[in-house]
Engineer: 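I have a structure here, written as structure tokens, and I will follow up with some questions on it.
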There are 2 protein chains.
Amino acid sequence: MDSAVAREQALDAAEKLFYGRGIQSVGMDDVRGTSGVSLKRLYQLFPAKEQLVEAYLERRDERWRERLAAHVEAHGDPRGRLLAVFDWLEQWFGEDDFRGCAWINAYGELGATSARVTTQVDAHKRAFRDYLEGLVADAGLPGALAGQLYLLAEGAMVTAGITRATEPARQAREAARVLVEAAAG
Amino acid sequence: MDSAVAREQALDAAEKLFYGRGIQSVGMDDVRGTSGVSLKRLYQLFPAKEQLVEAYLERRDERWRERLAAHVEAHGDPRGRLLAVFDWLEQWFGEDDFRGCAWINAYGELGATSARVTTQVDAHKRAFRDYLEGLVADAGLPGALAGQLYLLAEGAMVTAGITRATEPARQAREAARVLVEAAAG
DNA sequence: GCAGCTGGAGAACGTGCGTTCTCCAGCTGA
DNA sequence: TCAGCTGGAGAACGCACGTTCTCCAGCTGC
């Protein structure tokens, strides 16, 4: 079996299991069972579980931001793109396997003990925030607005994760709309 | 030693350790060492670690909400009380041992595996939200505002926990001010 | 003083799991 | 055909930790 294929299969299984059941409650043997990649191969690809977790977060980050950007870019006007972020959140929250924000969860589990995880979480959150800043700038709105929208989005993710409801996305969107209008003067 | 005293000492140690290092990375032996309460006594007071965790979250919830309320109630006018919530968050974020929201962290760690933890997190978040709803009602503002302020507060907690900065509280406060003014029409 | 109870210290037990090792089936090249 | 390599299955190892057990010092009531 090709190494690259095994790697993808391992990461597919890791993502499904880590995201769905939490990182610490999933053993390397579970990853082997779900992926069909032997333990020997797993340890060739990832020298320790921590690196597998790191790679899982990294690959998910790329895909998550691509999905968000694809949805947002479909909207023509700059101000509509800002609100489209919250529409996408609502869509995401409604997915069957939604269990909150993978990075917030990972931080709660391992932030205190794994520097690699902390780094991934920081990088992901900073990238999301930078993206919002870009959207705000494109709309010709003041930079301070980006931080406010970011907090709304984070609050919605946490709350949707705990309550398993999509409603927080709509509440956040409505608040965002008010903030955008106020900022536009 | 009195049973009630031993219980308090155990909970003091549990809170310090669980909050500071995460729940899963603290062993019952660590709790014994820090509290000075023997393992035998610990297991008489709490039949299993899960119950100790539950009691930790429950007691912290009472204290956390008391501290918040004490700070907020010091402000005379209803609208000022709403913004005082965010002032208190800033103060909390700035404490030396601040490591994010204990319930969000606990949910990330154990939400997928412990029903007792999930119940505590739900109860705490609902109580905080109810409290905000009361403040919004007292200020004669529309109920929908409460959910928005709640999301801002949650976003600030998560972000302050990850970045170890107090700034999110001020950003959230500023956004809250705009939303309150818009809602007051 | 002495039987009997209480509670502490810490050893012991069992399990889960990250990581490594052993063994072997099946392929490759001469 | 046969030595040699590859990779898989799964046993084995070591450790951490939740939980329980053993032993004993110190106290109580007669």
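In what follows, chains are A, B, ... by sequence order, proteins preceding strands, each numbered from 1.
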Engineer: Just name whichever nucleotide pairs with dC23(D), Watson-Crick or G-U, keeping both distances under 3.5 Å, else none.
Structural biologist: dG8(C)
Engineer: Whole angstroms only, please: what is the CG-C1' distance between L42(A) and dA9(D)?
Structural biologist: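 Rounding to the nearest Å, CG of L42(A) and C1' of dA9(D) are 13 Å apart.
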Engineer: Mark yes or no: R60(B) above the aromatic ring of Y19(B), with NZ or CZ under 6.0 Å from the six-membered ring centre and no more than 45 degrees from the axis.
Structural biologist: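 Judged by the rule (NZ or CZ under 6.0 Å from the ring centre, within 45° of its axis), R60(B) counts as positioned above Y19(B).
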Engineer: Has the side chain of R32(A) got a donor or acceptor that lies under 3.5 Å from a partner of the other kind on the base of dG10(D)?
Structural biologist: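 Under the 3.5 Å cut-off, the side chain and the base do form a donor-acceptor pair.
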Engineer: How many angstroms lie between atom CD of E15(B) and atom CG of D97(B), to the nearest 0.5 angstrom?
Structural biologist: 9.0 Å
Engineer: With a 4.5 Å limit on heavy-atom distance, are the side chains of L52(A) and Y43(A) in contact?
Structural biologist: no
Engineer: Nearest 0.5 angstrom please: L57(A) CG to N105(A) CG, how far?
Structural biologist: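 Interatomic distance, L57(A) CG to N105(A) CG, rounded to 0.5 Å: 10.5 Å.
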Engineer: Taking E109(B) for its side chain and Q24(B) for its backbone only, find out whether a donor-acceptor pair lies under 3.5 Å.
Structural biologist: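 Here the side-chain-to-backbone pair exists.
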Engineer: Nucleotide by nucleotide, 5' to 3', does protein get under 4.0 Å of the base (B), only the sugar-phosphate (S), or neither (-) in nucleotides 14-27 of chain D, counting heavy atoms?
Structural biologist: ----SBB-------
Engineer: Would you kindly give the CD-to-P distance between Q44(B) and dG7(C), to the nearest whole Å?
Structural biologist: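 That distance rounds to 7 Å.
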Engineer: Using salt bridge (Lys or Arg N to Asp or Glu O under 4.0 Å) as the criterion, point out the one residue from R63(B), R65(B), R59(B) that pairs with D61(B).
Structural biologist: R65(B)
